[in-house]
Amino acid sequence: MVQTVAAIGTPEEVAHHVRPLALLRQSLGQSSVACMTPELATDHLHPGDLAIFYSEHFERFRRCIAELKRRRVATLYMVDGILEWRNAWENRADEPACPWTMRPVLSDKVAAIGPSQARTLAAWGNGNKVECVGVPRFDTLKNAKTKSPSGEVFRVLVATAKYPGFTDTQTQVTCRSLLDLKQFFLQAGTVGGKRVEVIWRVSRLIEPQLGIENSLDDLTGRELVQQLSEVDAVITTASTLMLEAMLLDRPVALLDYHNCPQYVPAAWTIGSPLQIDDVVAALAAPGAARMDFQRQILRDALQLELPATERMNQLVEMMLAVAADAVKQETGMVFPASLLPSLADRGQRTDLQGLFPQQAEFSNTNLVELQAELAHVRREVVHLESVIAGLRSELGQAHEIFEQIHRHPVAGPVVRARQKL
């Protein structure tokens with residue numbers, strides 16, 4: 001049977017998300033991915049087809065999912081960003097988006113971007129639906145690490161998520177944090193002996209209130225990689241931009257005056273005006289330990305073991321197979337709890353040489369030399385333990401002699417008198 005794979009949404013909403021998967025499927029000789037609005041998908045998709053959703057927040061998508069599942073069209077929610085606490089739990093009462101999105105997920109399966117998100121989604125009642133995939137459009141970033149610009153200028157990208165707040169109060173707090181940053185940079189002038197240059201990439205919703213020159217031109221993020229390659233550090237509100245900057249190994253500070261839990265933390269956090277000076281100075285000269293911690297955060301937030309595009313395509317093929325079998329057998333679609341192979345989750349080895357450059361031992365990669373040195377050190381330890389045991393024995397004998405002198409009827413009083421003096 002001929003099966004259709006469709007990304008649900010307008011081209012402006014989903015094209016940049018689905019492009020890597022569409023190109024891969026074409027290169028493998030498989031059917032491409034069509035973009036369809038929810039209304040078009042309801043009319044054109046048939047039993048055994050697969051619909052990929054990039055949002056379950058709004059009623060047009062939620063209604064479409066329910067109708068497609070009724071028609072035995074497989075549905076997959078491809079999460080394409082981080083989870084954000086305020087968006088999940090602190091929306092305003094008249095919020096047009098569903099306030100309990102992903103609790104639970106409506107689609108048959110949900111593709112998480114990384115291990116930590118997979119754990120959260122499972123805790124929200126989606127255990128049998130969660131597949132850890134990654135972000136396909138980030139695959140090109142994993143091998144695109146660029147060196148930070150060097151010179152006499154310290155460039156900082158200050159950014160926000162698309163929505164600076166989900167209530168009026170939240171938006172005001174975000175604006176205040178950005179104004180504090182702006183004032184700091186105007187007064188500081190230099191950081192670590194370098195002239196500071198700030199690039200602003202903030203939501204259009206608050207741009208007029210800040211009085212800055214905004215560099216946000218493209219919401220698809222195509223020009224963002226170029227911006228990140230030209231800066232030394234990033235300060236941002238909770239956003240998927242954090243992961244993109246971490247992938248390029250830029251030090252990232254989370255700007256959070258809201259004091260809310262973070263599903264994706266950062267190695268540096270600015271929670272008040274008093275912290276700006278120290279954090280910016282640290283970003284200008286990030287320590288090896290903090291950068292190592294940032295890399296561990298990234299590996300927990302983002303699946304990096306395998307290419308996300310290939311893993312996504314594998315999930316699509318497996319879901320299509322289950323859907324085709326259900327149509328053939330004229331049964332309901334039942335998807336196994338884990339379609340994709342589990343990941344090794346090996347983590348990333350800490351660079352001890354980078355963390356402790358003063359220790360010459362960590363720079364030696366010659367295994368034979370290290371084995372010889374280890375054998376010598378162990379032999380020396382045994383010898384020193386023998387010497388220490390002999391000294392302890394002699395010290396014990398000396399203590400015993402001293403106690404005998406203390407107890408002597410003639411020498412004892414003389415010794416005690418000398419001790420008092």
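Salt bridge R119/D300: present, at least one basic N to carboxylate O contact under 4.0 Å. For R60 and E13, the salt-bridge test passes: some basic side-chain N is under 4.0 Å from an acidic carboxylate O. In summary, D49 and R72 do not engage in a salt bridge, as defined by a charged side-chain N under 4.0 Å from a carboxylate O. Under the 4.0 Å criterion applied to side-chain N and carboxylate O atoms, E305 and R299 are assigned as salt-bridge partners. Salt-bridge annotation for E197 and R155: present, with a side-chain N of the basic residue lying under 4.0 Å from a carboxylate O of the acidic one.
Taking the six-membered ring for Trp and thresholds of 30 and 60 degrees, W124 and Y263 have ring planes more than 60 degrees apart, a perpendicular arrangement.
A donor-acceptor pair under 3.5 Å is absent between the side-chain atoms of S338 and the main chain of L340, judged by distance alone. Although no hydrogens or angles enter the test, the distance criterion places no donor-acceptor pair under 3.5 Å between the side chain of N91 and the main chain of P99. Within the 3.5 Å criterion, the main-chain N or O of R311 finds no donor-acceptor partner in the side chain of E131. Checking side-chain atoms of Q303 against main-chain N and O of L306 turns up a donor-acceptor pair under 3.5 Å. In terms of modelled atom types and a separation under 3.5 Å, the side chain of T190 and the main chain of G193 share no donor-acceptor contact. Put simply, the side chain of N126 gets close to the backbone of V105: a donor and an acceptor are under 3.5 Å apart.
Looking only at atom types and distance, the side chain of W85 has a donor-acceptor partner in the side chain of E90 under 3.5 Å away. A donor and an acceptor atom, one from each side chain of D108 and Y77, are nowhere located under 3.5 Å apart. A side-chain donor-acceptor contact under 3.5 Å links R25 and N313. If you check the side chains of Q26 and Q30, you find no donor sitting under 3.5 Å from an acceptor. Counting only N and O atoms by type, the side chains of H258 and T174 include a donor and acceptor under 3.5 Å apart. S107 and E56 share a donor-acceptor pair across their side chains, judged by distance under 3.5 Å alone.
Atom CH2 of W89 has more than 12 heavy atoms from other residues, nucleotides or ligands within 6.0 Å. Atom OH of Y163 is surrounded by 12 or fewer heavy atoms from other residues, nucleotides or ligands within 6.0 Å. Crowding of E213 atom CD: a count of heavy atoms from other residues, nucleotides or ligands under 6.0 Å not exceeding 12. Residue D43 qualifies as enclosed at atom CG: its count of foreign heavy atoms under 6.0 Å is above 12. No more than 12 heavy atoms of other residues, nucleotides or ligands sit less than 6.0 Å from atom CG of D168.
Among I212, L210, V158, the single residue meeting the side chain to side chain contact (heavy atoms under 4.5 Å, CB included) criterion with K182 is I212.
The side-chain heavy atoms of V252 and T269, taken from C-beta on, include no pair separated by under 4.5 Å. The side-chain heavy atoms of S203 and E207, taken from C-beta on, include no pair separated by under 4.5 Å. Side-chain contact between F138 and P20 is absent, with no heavy atoms from C-beta onward closer than 4.5 Å. V133 places a side-chain heavy atom less than 4.5 Å from the side chain of M78. Residues P251 and V234 are not in side-chain contact: their nearest non-hydrogen atoms beyond the backbone lie 4.5 Å or more apart. Two residues are said to be in side-chain contact when any heavy atoms from C-beta on lie closer than 4.5 Å; E385 and I388 fail this criterion. The shortest side-chain heavy-atom distance between H46 and T4 does not fall under the 4.5 Å cut-off. A 4.5 Å side-chain heavy-atom check between M36 and L45 finds at least one atom pair inside the cut-off.
E67 meets the side-chain hydrogen bond (donor to acceptor under 3.5 Å, both in side chains) test with R70, R71; sequence neighbours excluded.
Taken from CG in L298 to OG in S116, the straight-line distance is 10.0 Å, to the nearest 0.5 Å. One distance of note links CD1 of I52 with CD1 of I8; it measures 8.5 Å at 0.5 Å rounding.
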